[in-house]
Structures are given as structure tokens and as C-alpha cells.
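First comes the structure, then the notes that go with it.
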Amino acid sequence: MLKNDRYKILLLGVIVLLGCIRDVTIDETGTSRELVLNGILDASKDTIIVYLSWSQPVQGNRPFESEKQARIRLFERGQLIGEFNWKDSSIYTLPFSVKPGSTYKIEALADGKTIWGETTVPQSLNAVIEAAHPGNVADFLISMNDNPAEKNFYWITATGYEGLEEDRKKNIACLICSNFEYADDFNRYISENEVFKFEYDYYLRFPDNQLSEERFQLLFRPQCVGRPLEVFLFSVDYHLDKYMKSSLLRERMDTYATDMPIIYVPFPVYSNIHGGTGILGSFSSVSKEFLRE
């Protein structure tokens, strides 16, 4: 099942299911707006980037309105680190390298409203990515040590480039094929491939509570992605994990609704922003690029 033309996945939770059926009044006027704060902290970067805008009504067709006059601050374990500077559009930046294991809070004040989110950056990964068969860059092997003191949420994917050098496009793998039975089945299919049992849309996800040993290996094959190819292993925090999973579930339901609207159910996307909406998450990662064969 090829899905290259589908929705392109965001950077990266468990779905928030509705507990009962209830009537909802939809605001189509745009008079009620929420601040939207989005930021993903990367332990390998030396600058933090966040996006701040205003929500739009469900029937709106205008671009999201950026908020350029906000005061946004970063706290590390309760201590003020600094204030973000507006850069362009809805982007605010702060030169700072987050530390694995530390907890960060970002607070935004705009138009008399204050919103905030918090995340704990996962510890650095002890993992090696390599081609499973030397000379044949199709299957890959990840060898890693899981940190028993930390609850980890792991995501595996790959990206690659297609097209001519001067006009090439970067795509995410449409499928990750593997025999790894402990991976989450929310985006899993039974594979028609003779080598692998399962296929996973875009990512292979698994929490470390499924692992029986701290040291393990995982064999997989990314499909429908061009060369050069880069393979990624992410350890994401609790909030980013829930956001990514809910985003994928919503994308899948939107796809099913095209063919079978009778089974359609609205899936809200996870948010951990208090007083507004959006996501503040974090991750640590390892990656390796493999050139053309």
C-alpha cells in the first residue's frame, strides 16, 4: 500500500477519545480566538524556535494570524533563562541549548492572555544505526541500550530525496517494514512482503515497557523513499509522543472518511498548552545518512 501522495507528517501521541456524545456549538464567526503555541525542543540544537499565532474558526479560509507583540519566556526547572525575540512571521527564537533530562517551561503573554507548556527533554540515546547487509542499503539495523531509569517512547523513520538534483524533493518513508512484534499496532498492517510480517505507516513506534532486555536490536526496511536516505531514531517526551500519535490517527481517519464516511469519528489532536492550544514537546535523536547505492 503506497501512500507517498498523502498528508505529510509533522514532527511527531495517544488519542484523546471522547467519552460520550454531546452537542457542540461551533464558532463560525471568529470572535472567539485562542493563542496557539508550538515548539519542539531538540537537544542537538543551539537555538530554540517557537511559533505563536491565533486560532481560526472552523470555517475560516484565511492564514493563521501571527502574534508579533508577545512576551515569551523560557524557564529551566523554575528558573528564568531568558526571553525570546520575534524573528519573522510567527517565529520567536532564543539562543540556548536545552539539556537532556532537564524540564523546561515556555510561557507566552499576548493581548492580556497568558499560556504555557512544559516538557522534560529525554536523555541522550546510546544507539548505532547501520546497514544490515553490507553493500545493500535496503535493510537497516538499530542496536541500542535502553535506559531503565527513564520511560522512553521510541519512533523510527527515514527520509530521502527524489527527483533531479536541481529539483529534488524530500519525502518521508511511506512504510516501515519489520518483524518487531512489540511495536505499537495503531498504524500497522499485515505485510505482503515475504521477508517482513508487518508494515507501519511512516513511523514504527514502541515504548520501552515492551522491551524484555536493556540491550536489543531491531531490523527494518523503509519503503517508498529515495536516495540519499537518512535513517532516524527518536526518543520523544510524553507530550510529543501523544501529539504525534494523535496526529497520525487523525490523518488515518480522514483518509478512511473519504471512502467510508459512515465510520467517521472526529479525533482531536493532543495539546499540552495551558490556557491556549498547540504543543510543547522535546526529543533526543540519532541519525545516519546512507548515500546512493
Side-chain angles (χ1 to χ4, degrees), residues 1-12 40-47 49 97-98 100 121-146 152-180 183-184 187-189 191-206 215-236 240 244 247-248 251 281-293:
M1 188 182 302
L2 303 182
K3 303 177 179 65
N4 260 345
D5 295 330
R6 283 200 195 169
Y7 175 86
K8 290 188 178 179
I9 302 304
L10 305 174
L11 253 167
L12 49 72
I40 299 177
L41 309 187
D42 181 353
S44 67
K45 303 295 185 182
D46 60 5
T47 299
I49 298 175
S97 297
V98 298
V121 182
Q123 296 287 352
S124 300
L125 288 166
N126 181 5
V128 175
I129 303 173
E130 57 190 340
H133 313 293
N136 180 12
V137 185
D139 299 338
F140 300 91
L141 187 68
I142 290 181
S143 305
M144 65 177 294
N145 289 323
D146 177 62
N152 298 99
F153 302 93
Y154 296 115
W155 292 70
I156 293 172
T157 191
T159 62
Y161 291 90
E162 295 180 330
L164 300 175
E165 191 72 24
E166 63 275 9
D167 190 33
R168 63 181 188 172
K169 293 178 9 180
K170 189 175 185 179
N171 291 321
I172 193 170
C174 66
L175 295 173
I176 302 294
C177 304
S178 179
N179 292 327
F180 188 61
D184 196 342
N187 62 338
R188 185 170 73 189
Y189 306 89
S191 176
E192 298 179 1
N193 189 301
E194 296 181 357
V195 178
F196 297 102
K197 298 178 184 178
F198 307 114
E199 297 175 348
Y200 300 87
D201 283 339
Y202 307 116
Y203 296 90
L204 185 152
R205 173 197 180 270
F206 61 101
R215 179 72 178 176
F216 72 98
Q217 291 185 319
L218 194 154
L219 179 71
F220 64 98
R221 176 184 297 172
Q223 298 246 350
C224 317
V225 64
R227 296 286 193 269
L229 178 146
E230 189 170 7
V231 178
F232 296 87
L233 169 66
F234 298 97
S235 175
V236 306
L240 184 55
M244 291 175 67
S247 297
L248 282 165
E251 184 270 341
S282 58
F283 69 91
S284 296
S285 66
V286 293
S287 64
K288 186 173 180 179
E289 185 173 358
F290 296 86
L291 301 178
R292 297 180 186 275
E293 298 175 2

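As the structure is a prediction and not an experimental result, all values here were calculated from the model.
Across all non-hydrogen atoms, the minimal contact from F290 to A131 is CE2-N, 3.7 Å. For the pair A127 and M144, the tightest heavy-atom approach, listed with the atom from each and the gap, is CB-CB, 3.5 Å.
Between D42 and F283 there is a side-chain heavy-atom pair separated by less than 4.5 Å. Considering only heavy atoms from C-beta on, L125 comes within 4.5 Å of Y154 through its side chain. By the 4.5 Å heavy-atom criterion applied to side chains, S178 and F198 are not counted as neighbours. Q217 is listed as a side-chain neighbour of S143, based on a closest heavy-atom distance under 4.5 Å. Residues L229 and P222 meet the side-chain proximity criterion, which asks for heavy atoms closer than 4.5 Å.
With hydrogens and angles disregarded, no donor-acceptor distance shorter than 3.5 Å links the side chain of N152 to the backbone of D146. Side-chain atoms of N179 come within 3.5 Å of backbone atoms of K197 as a donor-acceptor pair (strictly under, hydrogens ignored).
Separating the CD1 atom in I142 from the NZ atom in K288 is a distance of 11.5 Å, to the nearest 0.5 Å. Interatomic distance, Y202 OH to I172 CD1, rounded to the nearest 0.5 Å: 8.0 Å. Interatomic distance, L291 CG to E230 CD, rounded to the nearest 0.5 Å: 10.5 Å. With rounding to the nearest 0.5 Å, the separation of CZ in F140 from CG in L233 is 14.0 Å. Rounding to the nearest 0.5 angstrom, the gap separating the OH atom in Y200 from the OG1 atom in T157 is 13.5 Å. Atoms OG1 and CD, on T159 and E289 in that order, are 8.0 Å from each other to the nearest 0.5 Å.
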Are Q223 and C177 close enough, and set up right, to give a side-chain contact (heavy atoms from CB on, under 4.5 Å), and what steps lead you there? CA-CA 7 Å; Q223 298 246 350; C177 304; 3.6 Å; yes
Please lay out, stage by stage, how F206 and L218 fare under the test side-chain contact (heavy atoms from CB on, under 4.5 Å). CA-CA 11 Å; F206 61 101; L218 194 154; 3.8 Å; yes
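One side chain, Y189 or D201, offers a donor N or O that lies under 3.5 Å from an acceptor on the other.
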